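Reviewing the structure listed below.
Only heavy atoms go into these numbers, but all of them, side chains included; no hydrogens, no water, no symmetry mates. As the structure is a computational prediction, the values presented were derived from the model and not from experiment.
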Amino acid sequence: MTADVQIPVTVVTGFLGAGKTTLVNRWLAGRSRGEIAVIVNEHGDVGIDGELLAERARELVEITGGCVCCTTQAELVRALDDLASSKQPLQRILVETSGAASPAGVLQAIARGGRSGAFALDGVITVVDATRVEQLADHDLVFEQVGYADIVLLSRADACAPERLAEAGAFVATRNGAAFFAEAARGEVVAPAAPSLDSLLDLRRADFAASREAPARSASHVYESISLTLDGEVDGERFADFVETDLAQVAGRLFRTKGILAVTGVDERMIVQGVADSVEVTFGQPWLDAPRTSRLVIVGFGLDRAALTRGFAACDAARRPQ
């Protein structure tokens with residue numbers, strides 16, 4: 001399989017009991033059985049979630065054992081490669097992680113399985129039970145799952161009073177200012193309304209293209225979200241140096257890096273998306289008459305906010321190089 005026929009892979013993660021399988025089941029119900037394959041990583045030796053999804057997925061692969069690492073990660077790579085070699089093309093692969101696992105191993109497996117260009121990571125969706133946010137705050141794993149997210153879904157929104165739901169959203173948002181936030185109830189995304197997985201991913205893309213500030217980080221937890229902005233253009237070479245030096249120094253502590261930059265001499269928006277220590281740059285719509293601004297959100301732990309702020313400020317095209 002070549003890179004021009006990549007299969008989009010969507011990862012659904014979240015802590016134990018967050019409601020991941022309910023959401024995946026609802027998304028599968030709206031699609032033809034022949035379109036989507038599902039890989040389920042269960043915590044125990046016997047899979048339960050897979051049995052619930054098997055009737056609606058074209059192919060279902062169960063990987064038991066919890067954390068995706070070592071042998072289990074190799075199994076996931078093999079599963080992805082087997083699905084890619086199927087004669088009948090897939091429209092999407094959904095990977096549902098164990099609630100007791102970090103998404104890091106899954107993302108590494110997708111990268112390893114994509115050596116032939118068969119796959120394209122199309123989003124990390126983290127499901128958080130809005131009724132249990134205070135209890136979940138004691139688990140570092142929850143914030144790691146949130147840190148990797150493109151989309152955070154607050155589940156069981158119908159069981160929360162509006163003010164409690166707002167508090168839960170604000171609490172989680174301080175841990176990932178790069179994510180798109182939505183609310184779900186009984187397996188449906190209700191605010192903003194998104195009846196299908198595709199429509200939810202479209203909302204995420206539109207939100208990423210919009211100009212907005214990320215929430216300020218909270219100092220109450222080791223995982224943090226840092227928002228960097230410049231009212232103007234960046235120098236392309238200096239930004240490349242920033243990625244290769246400043247970001248590389250904290251590569252082992254990064255979850256996500258996302259941004260839209262105006263680069264001197266380039267008409268299109270430069271879109272930056274990073275997972276862990278891998279950063280990808282693509283180009284989007286032209287700026288035309290829109291203000292040419294640059295913003296970058298970095299999510300990770302043990303980050304030096306002052307150093308990253310200085311490094312990004314040095315990319316300002318209007319600033320004389322030191």
Side-chain angles (χ1 to χ4, degrees), residues 9-27 38-41 43 49 66-68 94-110 121-157 160 165 168-185 187-192 194 197 200-201 203-205 207-208 214-215 217-218 221-225 254-258 273-276 297-301:
V9 182
T10 306
V11 177
V12 181
T13 188
F15 203 61
L16 296 163
K20 300 184 295 296
T21 302
T22 302
L23 281 157
V24 171
N25 213 354
R26 181 61 63 94
W27 288 329
V38 177
I39 299 174
V40 179
N41 173 219
H43 179 60
D49 291 346
C67 181
V68 181
L94 276 172
V95 181
E96 180 185 330
T97 75
S98 161
S102 163
V106 173
L107 299 177
Q108 291 169 4
I110 292 170
L121 179 65
D122 197 33
V124 178
I125 301 172
T126 299
V127 185
V128 177
D129 184 346
T131 68
R132 298 172 56 210
V133 166
E134 293 177 358
Q135 297 96 314
L136 294 175
D138 294 329
H139 299 275
D140 285 355
L141 176 60
V142 174
F143 293 101
E144 187 170 351
Q145 292 168 341
V146 168
Y148 279 108
D150 292 294
I151 299 171
V152 174
L153 277 183
L154 294 174
S155 65
R156 298 188 174 89
C160 287
L165 187 60
F171 182 80
V172 178
T174 57
R175 275 71 185 180
N176 186 344
F180 173 71
F181 278 74
E183 299 166 9
E188 293 188 23
V189 180
V190 294
L197 174 59
L200 177 62
L201 293 172
L203 287 173
R204 182 276 311 261
R205 294 184 187 101
D207 178 78
F208 185 60
R217 75 174 176 93
S218 168
H221 201 277
V222 66
Y223 302 122
E224 56 191 332
S225 174
L254 292 176
F255 294 146
R256 299 307 300 260
T257 305
K258 302 184 76 172
Q273 298 212 56
V275 177
V297 178
I298 302 169
V299 182
F301 64 95

Legend entry - Heavy-atom check, side chain of V127 versus side chain of T22, under 4.5 Å: no
Inset, instruction - Please test I151 against L201 for side-chain contact (heavy atoms from CB on, under 4.5 Å), starting from the C-alpha separation and ending with a verdict. - result: CA-CA 8 Å; I151 299 171; L201 293 172; 4.0 Å; yes
Legend entry - F181: which of D207, V152, V128, L153 passes side chain to side chain contact (heavy atoms under 4.5 Å, CB included): V152
Inset, instruction - Take S225 and T174 through the test side-chain contact (heavy atoms from CB on, under 4.5 Å) and record every step on the way to the result. - result: CA-CA 7 Å; S225 174; T174 57; over 6 Å; no
Legend entry - From I125, I39, V24, residue fulfilling side chain to side chain contact (heavy atoms under 4.5 Å, CB included) relative to L94: V24
Legend entry - Test item: D140 and F301 side chains (from C-beta on) under 4.5 Å apart, heavy atoms: no
Legend entry - Minimum side-chain heavy-atom gap Y148-L107 below 4.5 Å: yes
Inset, instruction - Kindly say whether V38 contributes a backbone atom to a donor-acceptor pair with the side chain of E96 at under 3.5 angstrom? - result: no
Legend entry - Minimum side-chain heavy-atom gap D129-F15 below 4.5 Å: no
Inset, instruction - Measure from the side-chain N and O atoms of K20 to the backbone N and O of V12, and report whether any donor-acceptor pair falls under 3.5 Å. - result: no
Inset, instruction - Flag the pair N176 / Q145 as yes when at least one side-chain heavy-atom distance between them is below 4.5 Å, and no otherwise. - result: no
Legend entry - Qualifying residues under salt bridge (Lys or Arg N to Asp or Glu O under 4.0 Å), relative to D150, sequence neighbours excluded: R204, R256, K258
Inset, instruction - Please identify each residue that fulfils side-chain hydrogen bond (donor to acceptor under 3.5 Å, both in side chains) with S155, with sequence neighbours left out. - result: none
Inset, instruction - Name all residues meeting the side-chain hydrogen bond (donor to acceptor under 3.5 Å, both in side chains) criterion together with T10; count only those two or more places apart in sequence or in a different chain, and write none if there are none. - result: R92
Inset, instruction - Return yes if some donor-acceptor pair links the side-chain N/O of T257 with the main-chain N/O of G274 below 3.5 Å, else return no. - result: no
